[in-house]
Amino acid sequence: MTETHIVALGGSLLRPEEESGRVKWFADLRDLAAKLQQNGTRVGIVVGGGLPAREAITLAEPYVGDVHALDEIGIAATRLNATIIQQVLREPGLDVAGMIPLDCDHAASLLGEHNFVVMGGTTPGHTTDAVAVELAIKAGAGRCIIATNVSHVYDKDPRTNDDASPVSQLTLVQLGEICGLGKPRQAGASVVVDPVAVEWAIEANLAMCVLDGRSIDLLAAALYGREFSGTNITI
Ligand code: UTP
């Protein structure tokens, strides 16, 4: 049976500070994708907005009061980043869907035809983490892999708590508590996983994992079902 994986690729991963890091990251991603294609593995990649999203939202914020309108700007940035990943993977001839699907139903159906489907955001009110969870559910993936720019989920926010510790194993409910599920969302608050994504994963009994996507080796280990350093989130 064809294996299908869904990866949320944090937008910051496309822009490592060092140019040499950037060259290596894109090259490693291409090599991994080529190996996955050889095995017939299907991968849905949901790309975050990173720097362009932040810049564009900051630019518009003084003139645009509606939060959903600002979300639309963020979504446009995620689709820009998705197009970068899509074209970088297409260049060496990998079987990547030729369009950036605008919703998860379309993305799931494209995964029936292509080894790789790359997309960004869908509708306002959540981030690409939640899109990845929705796509994992619709594509029948066993879990949703969140590739971000931290090594683990921490038991509390490490930016404000010196005694925060990395956690290797959590349940979805514990992850929800750490990410503020059920609490009002604070403007500009950045959490390791979007609480909407955790909520949808709980509803669908979908396992997740969080790993440092700056290392393509870690992403490869998760995709091949090997042990990896990061946080496994069970149902
Ligand atoms: P991201 O998914 O990049 O959100 O979408 P993020 O968690 O803030 O950023 P990273 O992962 O650290 O890079 C960027 C913004 O686009 C809008 C939201 O405003 C989000 O904050 N967005 C994205 C949506 O409204 N809907 C979507 O489906 C995706």
Side-chain angles (χ1 to χ4, degrees), residues 6-17 22 25 29 44-86 99-108 117-139 144-154 157-159 175-176 178-181 183-201 208-214 219 230-231:
I6 304 301
V7 180
L9 212 54
S12 65
L13 299 176
L14 278 68
R15 291 170 187 77
E17 278 165 24
R22 205 172 307 158
W25 189 83
L29 182 68
I45 304 173
V46 184
V47 188
L51 190 64
R54 274 196 304 280
E55 261 180 15
I57 289 173
T58 306
L59 188 65
E61 233 164 8
Y63 318 103
V64 180
D66 177 18
V67 176
H68 279 187
L70 291 173
D71 281 347
E72 294 288 3
I73 294 170
I75 291 168
T78 64
R79 290 181 181 153
L80 168 72
N81 279 345
T83 308
I84 294 171
I85 296 291
Q86 177 208 31
M99 64 181 67
I100 302 293
L102 305 185
D103 62 63
C104 290
D105 287 318
H106 189 196
V117 174
V118 189
M119 69 184 295
T122 53
T123 52
H126 52 256
T127 73
T128 44
D129 291 347
V131 176
V133 164
E134 184 187 347
L135 181 55
I137 296 163
K138 292 195 163 147
C144 179
I145 299 173
I146 307 276
T148 184
N149 60 1
V150 290
S151 68
H152 291 82
V153 177
Y154 280 69
D157 189 343
R159 291 166 304 186
L175 177 66
I178 290 169
C179 297
L181 178 58
K183 293 192 191 140
R185 191 165 164 73
Q186 286 180 347
S190 166
V191 282
V192 61
V193 181
D194 179 357
V196 178
V198 185
E199 188 181 1
W200 293 355
M208 300 177 80
C209 65
V210 174
L211 55 83
D212 191 338
R214 290 171 294 189
L219 179 58
T231 306

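In each ligand, atom 1 is the first atom listed, and ligand 1 is the first ligand listed. Nothing fancy with the numbering, it's 1 onward along the sequence.
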Pick out which of V150, T231, D157 makes a side-chain contact (heavy atoms from CB on, under 4.5 Å) with V192.
V150

R79 vs I84 side-chain heavy atoms within contact, under 4.5 Å:
no

Out of D129, T148, I145, which residue meets the side-chain contact (heavy atoms from CB on, under 4.5 Å) rule with V210?
T148

Which value, rounded to the nearest 0.5 Å, describes the distance between S12 atom OG and N149 atom CG?
3.5 Å

Identify all pairs of nitrogen or oxygen atoms, one from ligand 1 and one from the protein, separated by less than 3.5 Å, and list them with distances.
{"from": "ligand 1", "atom 1": "2 (O)", "to": "T128", "atom 2": "N", "distance (Å)": "2.7"}
{"from": "ligand 1", "atom 1": "2 (O)", "to": "T128", "atom 2": "OG1", "distance (Å)": "2.4"}
{"from": "ligand 1", "atom 1": "3 (O)", "to": "G49", "atom 2": "N", "distance (Å)": "2.6"}
{"from": "ligand 1", "atom 1": "13 (O)", "to": "G50", "atom 2": "N", "distance (Å)": "3.2"}
{"from": "ligand 1", "atom 1": "19 (O)", "to": "D71", "atom 2": "OD1", "distance (Å)": "2.6"}
{"from": "ligand 1", "atom 1": "22 (N)", "to": "H126", "atom 2": "O", "distance (Å)": "3.2"}
{"from": "ligand 1", "atom 1": "25 (O)", "to": "H126", "atom 2": "O", "distance (Å)": "3.3"}
{"from": "ligand 1", "atom 1": "26 (N)", "to": "T123", "atom 2": "O", "distance (Å)": "2.7"}
{"from": "ligand 1", "atom 1": "26 (N)", "to": "H126", "atom 2": "O", "distance (Å)": "3.0"}
{"from": "ligand 1", "atom 1": "28 (O)", "to": "T122", "atom 2": "N", "distance (Å)": "2.9"}
{"from": "ligand 1", "atom 1": "28 (O)", "to": "T123", "atom 2": "O", "distance (Å)": "3.4"}
{"from": "ligand 1", "atom 1": "28 (O)", "to": "H126", "atom 2": "NE2", "distance (Å)": "3.1"}

Can you list, pair by pair, the side-chain donor-acceptor contacts under 3.5 Å of residues 58-76, counting residues two or more places apart and other chains?
{"from": "T58", "atom 1": "OG1", "to": "R54", "atom 2": "O", "distance (Å)": "2.6"}
{"from": "D66", "atom 1": "OD1", "to": "H68", "atom 2": "N", "distance (Å)": "3.2"}
{"from": "D71", "atom 1": "OD2", "to": "G125", "atom 2": "N", "distance (Å)": "2.9"}

Verify the distance criterion only: is there a donor paired with an acceptor across the side chains of T122 and D103 at less than 3.5 Å?
no

